[in-house]
Chemist: 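Dumping the structure here so I can ask a few things about it.
Worth knowing before you read on, the calculation uses all heavy atoms, side chains too, and leaves out hydrogens, waters and symmetry mates. Since the model is a prediction, treat every value here as computed from it, not as a measurement.
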Amino acid sequence: MCVDAMTLELPVVERVDNGANGSVYLDQNDVLILKSQAQTVRVLAGTLWVTVNRQDYLLQPGQSLVLPASWDDAVLTPMLCDLVIVTIE
């Protein structure tokens, strides 16, 4: 059952499964926090919700978000009960 992430305190992912191609897989109850550093998050599958610097971004497959080192930590969560596959470079 999918529940709105805003109504739950979800556990923060301490370890995520990395695919052979360096992809990160996030299930519907996962939350991934990326420490502040220059990096790019690219969505391969699913819909990703990213919160950083008090702004929300929804990324679809093929879209990416560049996170400058000067920004705060980023919080990544799957949307719409999707399995989300991302690369972080």
Side-chain angles (χ1 to χ4, degrees):
M1 171 183 284
C2 181
V3 179
D4 184 344
M6 298 301 290
T7 62
L8 293 177
E9 289 189 25
L10 299 175
V12 174
V13 173
E14 294 181 14
R15 185 184 70 78
V16 293
D17 296 324
N18 290 323
N21 62 356
S23 301
V24 177
Y25 295 78
L26 298 171
D27 282 324
Q28 66 183 7
N29 293 325
D30 292 338
V31 175
L32 178 62
I33 297 175
L34 297 180
K35 295 298 180 185
S36 179
Q37 62 180 355
Q39 52 196 334
T40 300
V41 175
R42 186 175 322 282
V43 177
L44 303 178
T47 303
L48 183 68
W49 178 5
V50 180
T51 301
V52 63
N53 280 5
R54 299 181 186 156
Q55 295 289 320
D56 293 320
Y57 302 89
L58 289 179
L59 302 178
Q60 301 290 328
Q63 294 182 317
S64 60
L65 179 64
V66 176
L67 304 171
S70 61
W71 284 14
D72 296 332
D73 294 351
V75 179
L76 284 62
T77 55
M79 285 292 296
L80 307 174
C81 298
D82 280 346
L83 167 69
V84 175
I85 303 173
V86 300
T87 59
I88 301 167
E89 305 166 347

Chemist: Nearest 0.5 Å, what's the CG-CG distance between L67 and L76?
Modeler: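 Nearest 0.5 Å value for the CG-CG distance: 7.5 Å.
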
Chemist: If I take atom OG1 from residue T77 and atom CG from residue N29, how far apart are they, to the nearest 0.5 angstrom?
Modeler: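 T77 atom OG1 to N29 atom CG measures 11.0 Å (nearest 0.5 Å).
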
Chemist: For the residue pair G46 and P61, what are the closest heavy atoms and their distance?
Modeler: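 Closest heavy-atom pair between G46 and P61: O-CD, 3.2 Å.
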
Chemist: Would you give the length of the straight line joining atom CD1 of I85 to atom OH of Y25, rounded to the nearest 0.5 angstrom?
Modeler: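 The OH atom of Y25 is 4.5 Å from CD1 of I85, to the nearest 0.5 Å.
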
Chemist: CG of L65 to CG of L48: how many Å apart, nearest 0.5 Å?
Modeler: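 If I round to the nearest 0.5 Å, the distance is 9.0 Å.
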
Chemist: Quick one: pull up CE in M79 and CG in L58 and give me the separation to the nearest 0.5 Å.
Modeler: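 Reported to 0.5 Å precision, the distance equals 5.5 Å.
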
Chemist: Taking side-chain hydrogen bond (donor to acceptor under 3.5 Å, both in side chains) as the definition, give me every residue that meets it alongside Q60, ordered by chain and number, with sequence neighbours left out.
Modeler: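 In terms of side-chain hydrogen bond (donor to acceptor under 3.5 Å, both in side chains), with neighbours along the sequence ignored, Q60 is linked to T47.
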
Chemist: Identify the heavy atoms of V66 and W71 that sit nearest to each other, and give their distance.
Modeler: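 Result for this residue pair: O-CZ3, 4.0 Å.
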
Chemist: Do the side chains of V75 and V31 get nearer than 4.5 Å, heavy atoms only?
Modeler: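 Counting from C-beta outward, V31 and V75 do come under 4.5 Å.
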
Chemist: Excluding sequence neighbours, so at least two apart, what forms side-chain hydrogen bond (donor to acceptor under 3.5 Å, both in side chains) with S64?
Modeler: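 Expected list: R42.
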
Chemist: Test of understanding: with side-chain contact (heavy atoms from CB on, under 4.5 Å), list the residues that count as partners of Q55, not counting sequence neighbours.
Modeler: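 Expected list: Y57.
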
Chemist: Search all heavy atoms of I88 against all heavy atoms of L32 and return the closest pair with its distance.
Modeler: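 So the minimum-distance heavy-atom pair works out to CD1-CD2, 4.0 Å.
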
Chemist: Closest approach of V86 and V84, non-hydrogen atoms and distance?
Modeler: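 Looks like CG1-CG1, 3.6 Å.
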
Chemist: Transitively linked via ILVMFWY side-chain contacts under 4.5 Å: L83 with L44?
Modeler: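 Hydrophobic grouping puts L83 with L44.
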
Chemist: Without hydrogens or angle criteria, can the side chains of S36 and D72 be said to hold a donor-acceptor pair below 3.5 Å?
Modeler: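 Side-chain D/A pair, S36 to D72: absent.
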
